[in-house]
Amino acid sequence: MHRRLIAPGAIAASLLLAIPASAADFTPGAPGIGDPYYPASGNGGYDVAHYDLRLRYQPSTDLLEGTATILATPTQNLSRFNLDLGLKALEVRVNGRKASFTTSGAQELEITPAVPLPKDRPVSVVVRYAGKPSEVRIDGWTAWHRTPDGGVAAQQPESAVWWFPSNDHPLDKATFDVSVAVPDGTQAISNGVLQSQSSRLGWTRYNWRSDKPQATYLATLAVGRFDLTTDTTANGLPVVNAYSKDLGANAGAARASIERTAEVAEWLEEVFGPYPFNALGGYVPNVRSGYALETQTRPFYSPRQFANGSNVSVVVHELAHQWYGDSVSVRNWKDIWINEGFARYSQWLWSEREGEGTAQELADWVYASRPADDPFWKVKPGDPGAENQFHTAVYDRGALAVQALRNELGDQVFFSVLKGWPTERAYGNAEVADFVAYAERVSGKRLGGLFDTWLYQPSKPEAPPAPGAASGTAEKAGTAASAPARKAPAAPSGPPRSWSRIAATNTIHDHGDHGEGHGHGLEDHGDEDHGHR
């Protein structure tokens with residue numbers, strides 16, 4: 001063995017490389033991620049890879065105690081950074097060392113680490129916190145539902161701040177481990193696969209894992225007394241459905257709908273390609289809200305969704321979101337059509353499958369039932385504005401756009417687009433322009449005029465989407481408005497048979513009840529402002 005001599009100057013140089021840049025080179029991360037609709041949502045300066053949540057929840061008092069370990073990588077030299085949290089932080093450690101922290105605004109936890117954080121060097125952040133989620137109000141509303149036997153976190157566009165610290169915006173997705181201790185006889189439901197459960201000294205701990213990137217608003221927690229049904233799909237995926245024990249008259253209809261989850265997912269694989277996650281299921285807690293929400297792998301359904309009987313259409317909508325909305329998520333909330341237009345259209349396709357009205361018949365009905373002066377046509381699904389983010393036009397006019405695309409491309413190319421998009425963009429984020437570019441690339445057609453007409457013009461198009469509608473001609477002519485006028489068909493004599501069930505799911509995204517957690521889901525969105533704030 002021989003030793004290499006190192007000159008003193010070389011040692012000094014190597015030490016300089018190990019010392020962080022000067023304090024002037026380190027700056028605070030932005031208090032928002034840059035969403036034009038919700039400037040305060042999320043945070044800048046870092047990217048989260050994983051959340052490990054270890055929680056204890058007492059239903060009788062609504063006290064939630066938690067330790068969150070967050071694995072992240074700075075995207076800049078950070079002197080300080082923010083997390084979003086509505087509960088009270090008790091202690092923060094960064095890379096094992098205590099960090100100072102303070103709060104600002106409604107949900108900003110401002111953390112100053114003992115040592116500045118260099119760009120691209122992974123860090124761990126541990127936050128101990130506690131509080132009663134039902135007492136947290138942000139801009140007058142809550143995403144937390146108290147139930148007779150527990151509590152539920154499910155909301156859109158934000159819900160995480162009520163139960164864990166996070167970078168609360170879909171642009172920063174991460175994997176999750178959620179471990180929850182609850183009193184014996186009570187269950188804790190979350191996303192993904194139940195890894196294990198164990199009981200000790202009157203408490204049962206449930207350990208859930210969601211192993212694919214997941215937006216924070218799609219993380220869910222439900223604590224209560226549930227009847228569980230379990231199964232596996234033909235492909236071996238675990239299926240867990242949960243029903244509150246006190247659903248009353250809605251219990252049978254809820255079960256009759258949600259127990260078809262695996263069947264619906266199998267059919268959707270034919271439409272959208274392989275299911276993107278590691279588990280399936282749904283849950284119905286005893287809440288007063290009327291909405292449903294596509295919480296990843298395990299959608300949330302309000303009992304009121306089944307007040308008029310079973311409705312598989314709402315299951316179709318929320319499961320379609322697993323591809324369009326969960327696997328491929330919005331870049332910013334203005335891109336909500338990527339979620340809702342396709343989830344609504346999946347309901348139209350299910351209607352075709354069931355022989356209760358084709359997508360074209362549903363498109364004709366939607367078009368004919370809204371006169372030109374209806375405010376419905378003023379909403380632009382491609383950029384509806386925060387106040388109209390969950391307006392019915394985003395759903396129904398958004399689905400009209402999808403039908404127009406289908407007619408323009410023909411079924412073979414159209415369905416290859418529907419399958420290819422969630423495969424190419426799996427586990428990422430996208431904006432409307434990305435989808436338009438993808439559809440143009442796959443089809444070889446210029447589609448700007450079509451999408452401008454159906455997504456961006458604040459007026460009723462001259463004619464409904466119909467087979468042979470030459471929107472490509474409009475593009476070649478320069479604008480959608482320059483296309484030859486096409487005579488609208490006679491108004492349908494009545495709605496397709498599936499319409500009542502599809503319309504009933506309009507309550508899935510009802511944001512109107514600020515006190516009970518006015519979430520998205522499928523909504524009772526009529527034509528009112530159902531924006532979250």
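All values below were derived from every heavy atom in this structure, side-chain atoms included, with hydrogens, water molecules and symmetry-related copies excluded. In this chain, numbering begins with 1 at the start of the sequence shown.
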Residues K98, E91; criterion salt bridge (charged side-chain N to carboxylate O under 4.0 Å, His left out); working and verdict: CA-CA 8 Å; K98 278 192 175 183; E91 181 183 72; 3.6 Å; yes
Identified ring-ring contact (aromatic ring centres under 6.0 Å, His included) counterpart of W162 within the set W144, W141, Y217: W141
Side-chain donor-acceptor pair under 3.5 Å between [X] and [Y], yes or no?
| X | Y | value |
| --- | --- | --- |
| S79 | T27 | no |
| T175 | D211 | no |
| H169 | S41 | no |
| S179 | N207 | yes |
| Q457 | S459 | no |
| S302 | S289 | yes |

[X] ring center near [Y] ring center (under 6.0 Å):
| X | Y | answer |
| --- | --- | --- |
| F272 | H321 | no |
| F277 | W323 | no |
| F435 | Y324 | no |
| F176 | W208 | no |
| Y456 | F451 | no |
| Y51 | F164 | yes |
| W421 | F414 | no |

Qualifying residue for side-chain hydrogen bond (donor to acceptor under 3.5 Å, both in side chains) with S329, from Q296, Q214, K173: K173
Any donor-acceptor pair under 3.5 Å from [X] side chain to [Y] backbone:
| X | Y | answer |
| --- | --- | --- |
| Y46 | K119 | no |
| T186 | V182 | no |
| S327 | Q322 | no |
| R146 | P59 | yes |
| D335 | V432 | yes |
| R397 | W454 | yes |
| E108 | N82 | no |
| Y38 | G42 | no |
| T75 | G45 | yes |

In the structure I gave you, are the side-chain heavy atoms of [X] and [Y] within less than 4.5 Å of one another anywhere?
| X | Y | answer |
| --- | --- | --- |
| V271 | L418 | yes |
| V442 | L409 | no |
| V178 | Y206 | no |
| N332 | P36 | yes |
| S134 | T142 | no |
| Q389 | V394 | no |
| V92 | V126 | no |
| I189 | L221 | no |

Stepwise side chain to side chain contact (heavy atoms under 4.5 Å, CB included) test for V402 and W337: CA-CA 10 Å; V402 182; W337 172 76; 4.0 Å; yes
NZ/NE/NH1/NH2 to OD/OE distance under 4.0 Å, D434 and R425: yes
Closest approach of P165 to L85 (non-hydrogen atoms, all atoms of both residues): N-CD1, 3.6 Å
Test log, rule salt bridge (charged side-chain N to carboxylate O under 4.0 Å, His left out), inputs K334 and D35: CA-CA 8 Å; K334 70 181 181 63; D35 192 296; over 6 Å; no
Derivation and outcome, salt bridge (charged side-chain N to carboxylate O under 4.0 Å, His left out), residues K419 and E269: CA-CA 9 Å; K419 271 189 178 179; E269 285 190 307; over 6 Å; no
